[in-house]
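Residue numbers count from 1 along this sequence. In listed order, ligands and their atoms are each counted from 1.
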Amino acid sequence: MLLLILLFTLTYLAIYYYFKQRFCYWTRRSVPNLEPSIPFGNISPPWKNIPPAVQYVNFYKEFKARRQKHGGVYLFGKPMYIPVDAELVRNILVKDFQYFSGRGIHFNSERQQCLDNLFFLDGPRWKTLRQKLTPTFTSGKMKMMFNTMLDCTGPLLKKMNEMADSNEVIDIKDMLAKFTTDVIGSCAFGIECNSFETADSDFRKYGKSVFEENAFKALKMMLAFNYENLAKKLRITILDKDVENFFVKISTETYNYRVRNNIKRKDFMQILIELKEVEKSLTMKELISQVFGFFVAGFDTSAATLTFCLLELACNYDIQDKLREEIFDVLYEYNGEITYEALHEMKYMDQVINETLRKYPVVSMILRKCTQDYQVPFSNSVIEKGTFTIISAMGLHRDPEYFPNPEKFDPDRFSDANLSKIRTGSYLPFGDGPRICIGMRFGMMQVKICLITLLKNFEFSLNSQTKMPPELDFGFITTAKGGVWLNCQKLNKDLLQ
Ligand code: HEM
């Protein structure tokens, strides 16, 4: 018994001293930090179920309230660096990118078939791939895909008309997720997903389950994000086998069919096939990984942006009317046709989308891993190679110093007259620097095409089933919790009158 007590005491002391020692890390580096507690550090215990994105907004606010430009926290014993000051953020992402070029998510590349994509890769492999894929997203390539994308508005419009005719309340979130699944299915795989016809198409089903969370998945993600070596030793994989099998099968079949039958389409798959077949600069695994990466990065981000945008428009009639007026005015010049050129003339549209992503940054945390010791410009602190760095886009976007009255939805913040007032580094809907979202143009085009289609045909108002402000679901991507219910009325206005 005595031995047991002794063993227990020694273990307790060892753990206690381990953490005490770990928790001196930031003080030793002269980085302001929050008081941690054993064993969780600064994160809240898992049973409190507070999403990481919310915790990092809170850290941001805490350091900001103390007028600190940066700070350090602990996730268990692991130090995490939190830049707060917009100029420092900008330096980390852009000017001093060579010190922070990693994303730092460990994913056991050898055991996963779909994850050798831009989002997950680091180091020279990321750099080479980014160079190869950058030409995939030029405005020329977007123009080429424009009509493929526009075709996907047909089923959306048909469904919306049916529902408006029968005076049904619309779950716009579900509707938009179906639209963006159709778009990315068509543009990435060259496949018609028919999301509006099928209750839960395979693309929707497997696409959704990539982001679905459960305790086991959360634990694996936590290890993959934060404990690279342990994740490696435990051979942790972060993608479910059935999801992986589905995407590998569908990409391989599409690829084989198109190469064998010499079928050419105006989509991502075509560009990737050419990179592999003609330029010989892509392996099959890389091709599958990119298609999967575009699918995952493309459909939920755009659907969430559209949902938040329509929700705000349904609550702000003046903004909805003003945007509709712009759409009518511009399309009038194009004989009522939605064209690539028309999209780019809609200035107020840009303001509305920018403000949506300001208030609701759907990717609310920007992740970097320090890849070389970094001397923080305004202090004597050095951030050590290997340190995880988390920038809270949500913290910055809702910081009243950068965006006064941050809860107000005000597209005029992004008018030509006001643009210069936005502090560099404070607005990061697509990240920034060499790792900025590669699909930004594609995402914006998809959002614009959808908004034009909907606003030129329907008027939206908030249904009482939906609360405003919406409750947010902070997963990997920030979405509105539950359904988003809007009333929708058909417009009887002829565009060319
Ligand atoms: C409104 C829609 C979208 C939003 C708000 C969004 C946002 C973001 C953000 C914040 C990042 C992290 C950037 C950083 O670390 O600095 C990112 C990365 C990325 N996004 Fe998007 N995204 C959108 C649509 C898309 C689409 C449509 C695609 C592909 C077709 C895409 C592909 C990617 C990829 C591949 C990366 C990783 C880039 C790299 O690390 O080099 N995104 N996105």
*Asks:* Heavy-atom distances under 4.0 Å are what count here, so tell me which part of Leu93 touches ligand 1: side chain, backbone, both or neither.
*Replies:* neither
*Asks:* If you measure from each non-hydrogen atom of Arg368 to ligand 1, which part falls under 4.0 Å: side chain, backbone, both or neither?
*Replies:* side chain
*Asks:* Taking both backbone and side-chain atoms of Ser302, is any N or O found less than 3.5 Å from an N or O belonging to ligand 1?
*Replies:*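 In fact, backbone or side chain, Ser302 has no N or O that close.
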*Asks:* Could you list the atoms of ligand 1 found under 4.0 angstrom from a heavy atom of Ala297?
*Replies:*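 Answer, ordered by atom number: 24 (C), 25 (C), 26 (C), 31 (C), 32 (C), 33 (C), 42 (N).
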*Asks:* In the protein, which heavy atom is nearest to atom 14 (C) of ligand 1, and how far is it?
*Replies:* Arg435 O, 3.2 Å
*Asks:* Step through the shown structure and confirm whether more than 12 heavy atoms of other residues, nucleotides or ligands are within 6.0 Å of CD on Gln112.
*Replies:*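 Count over threshold, so yes.
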*Asks:* Just jot down the ligand 1 atoms closer than 4.0 angstrom to any heavy atom of Ile366, in number order.
*Replies:* 10 (C), 14 (C), 15 (O), 16 (O)
*Asks:* Evaluate side chain to side chain contact (heavy atoms under 4.5 Å, CB included) for Thr148 paired with Phe268, printing each intermediate quantity in order.
*Replies:* CA-CA 11 Å; Thr148 311; Phe268 282 129; over 6 Å; no
*Asks:* Counting heavy atoms only, which part of Phe442 comes closer than 4.0 Å to ligand 1: side chain, backbone, both or neither?
*Replies:* side chain
*Asks:* Does at least one non-hydrogen atom of Arg103 fall below 4.0 angstrom from an atom of ligand 1?
*Replies:*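 It does, in that a heavy atom of Arg103 comes within the 4.0 Å cut-off of ligand 1.
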*Asks:* Charged N to carboxylate O below 4.0 Å: is that the case for Lys64 and Glu401?
*Replies:*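 Counted as a salt bridge, because a side-chain N and a carboxylate O are separated by less than 4.0 Å.
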*Asks:* Between Lys276 and Glu286, does any side-chain N to carboxylate O distance fall below 4.0 Å?
*Replies:*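 Looking at Glu286 together with Lys276, the answer is no, because their closest N to O distance does not fall below 4.0 Å.
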*Asks:* Check whether any heavy atom of Gln446 sits under 4.0 Å from an atom of ligand 1.
*Replies:*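 Outside the 4.0 Å threshold, so no.
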*Asks:* Is there at least one pair of N or O atoms, one from Thr301 and one from ligand 1, spaced under 3.5 Å apart?
*Replies:*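 For ligand 1, there is no N or O atom that lies under 3.5 Å from one belonging to Thr301.
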*Asks:* Could you tell me if the side chain of Cys488 sits less than 4.5 Å from the side chain of Met160, heavy atoms only?
*Replies:* yes
*Asks:* List ligand 1 atoms under 4.0 Å from Val362, heavy atoms only on the residue side.
*Replies:* 5 (C)
*Asks:* Contact between ligand 1 and Gly293 is defined here as a heavy atom of the residue under 4.0 Å from a ligand atom; is it met?
*Replies:*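 Gly293: no contact with ligand 1 (<4.0 Å).
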*Asks:* Taking only heavy atoms of Asp432, which atoms of ligand 1 are found under 4.0 Å from at least one of them?
*Replies:*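 With Asp432 as reference, the close atoms of ligand 1 come out as 16 (O).
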*Asks:* Does atom NZ of Lys285 have more than 12 heavy-atom neighbours from other groups under 6.0 Å away?
*Replies:*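 Yes - once you tally the heavy atoms of other residues, nucleotides and ligands closer than 6.0 Å, there are more than 12.
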*Asks:* Mark up the atoms of ligand 1 that fall under 4.0 Å of a heavy atom belonging to Ile438, in ascending order.
*Replies:*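 Listed by number with element, the hits are 34 (C), 35 (C).
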*Asks:* State whether the number of non-hydrogen atoms from other residues, nucleotides or ligands found under 6.0 Å of Lys159 atom NZ is greater than 12.
*Replies:*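 Atom NZ in Lys159 is not packed in, count stays at 12 or less.
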*Asks:* What protein heavy atom lies closest to atom 38 (C) of ligand 1? Include the residue and the distance to one decimal.
*Replies:* Arg130 NH1, 3.4 Å
*Asks:* Taking the inter-plane angle between the rings of Tyr374 and Phe100 on a 0 to 90° scale, is it parallel (under 30°), tilted (30 to 60°) or perpendicular (over 60°)?
*Replies:* perpendicular
*Asks:* Show the atoms of ligand 1 that are less than 4.0 angstrom away from any heavy atom in Gly431.
*Replies:*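 So the answer, numbered in order with elements, is 10 (C), 13 (C), 14 (C), 16 (O).
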*Asks:* Does atom NZ of Lys61 have more than 12 heavy-atom neighbours from other groups under 6.0 Å away?
*Replies:* no
*Asks:* For Glu192, look at atom CD and say whether over 12 heavy atoms of other residues, nucleotides or ligands are found less than 6.0 Å away.
*Replies:* no
*Asks:* In the protein, what heavy atom is nearest to atom 36 (C) of ligand 1, and what distance, to one decimal place, separates them?
*Replies:*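 Answer, as residue, atom name and distance: Phe119 CD1, 4.1 Å.
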*Asks:* Got a sec: does the CZ of Phe378 have more than 12 other heavy atoms crowding it under 6.0 Å?
*Replies:* yes
*Asks:* Looking at ligand 1, does Val447 have a heavy atom less than 4.0 Å from it?
*Replies:* no
*Asks:* Looking at Arg358 and Glu355, is any side-chain nitrogen of the basic one under 4.0 Å from a carboxylate oxygen of the acidic one?
*Replies:* yes
*Asks:* What residue and heavy atom of the protein are closest to atom 18 (C) of ligand 1, and at what distance?
*Replies:* Cys437 CA, 3.7 Å
*Asks:* Within a 6.0 Å radius of atom NZ on Lys143, are there more than 12 heavy atoms belonging to other residues, nucleotides or ligands?
*Replies:* no
*Asks:* Under 3.5 Å between some N or O of ligand 1 and some N or O of Thr305?
*Replies:*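 There is no such contact.
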*Asks:* Compute the shortest N/O to N/O distance between Trp126 and ligand 1 and return yes if it is under 3.5 Å, no if not.
*Replies:*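 By distance alone, the answer is yes.
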*Asks:* For atom 6 (C) of ligand 1, what is the nearest protein heavy atom, given as residue, atom name and distance?
*Replies:*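 The answer is Phe430 CD2, 3.6 Å.
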*Asks:* Does atom OH (Tyr99) have a neighbourhood of more than 12 heavy atoms from anything else shown, all under 6.0 Å?
*Replies:* no
*Asks:* For Gly298, take its heavy atoms, then give the atoms of ligand 1 lying under 4.0 Å from any of them.
*Replies:* 26 (C), 27 (C)
*Asks:* Measuring only between side-chain heavy atoms, which start at C-beta, is Asn91 closer than 4.5 Å to Pro377?
*Replies:*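 Contact flag for Asn91/Pro377 side chains = yes.
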*Asks:* So if I count the atoms of ligand 1 from 1 in the order they appear, which ones are less than 4.0 Å from some heavy atom of Pro429?
*Replies:*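 Every atom of ligand 1 under 4.0 Å from some heavy atom of Pro429: 5 (C), 7 (C), 10 (C).
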*Asks:* Which heavy atom of the protein is the closest neighbour of atom 28 (C) of ligand 1, given with residue, atom name and distance?
*Replies:*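 Answer for atom 28 (C) of ligand 1: Gly439 CA, 3.6 Å.
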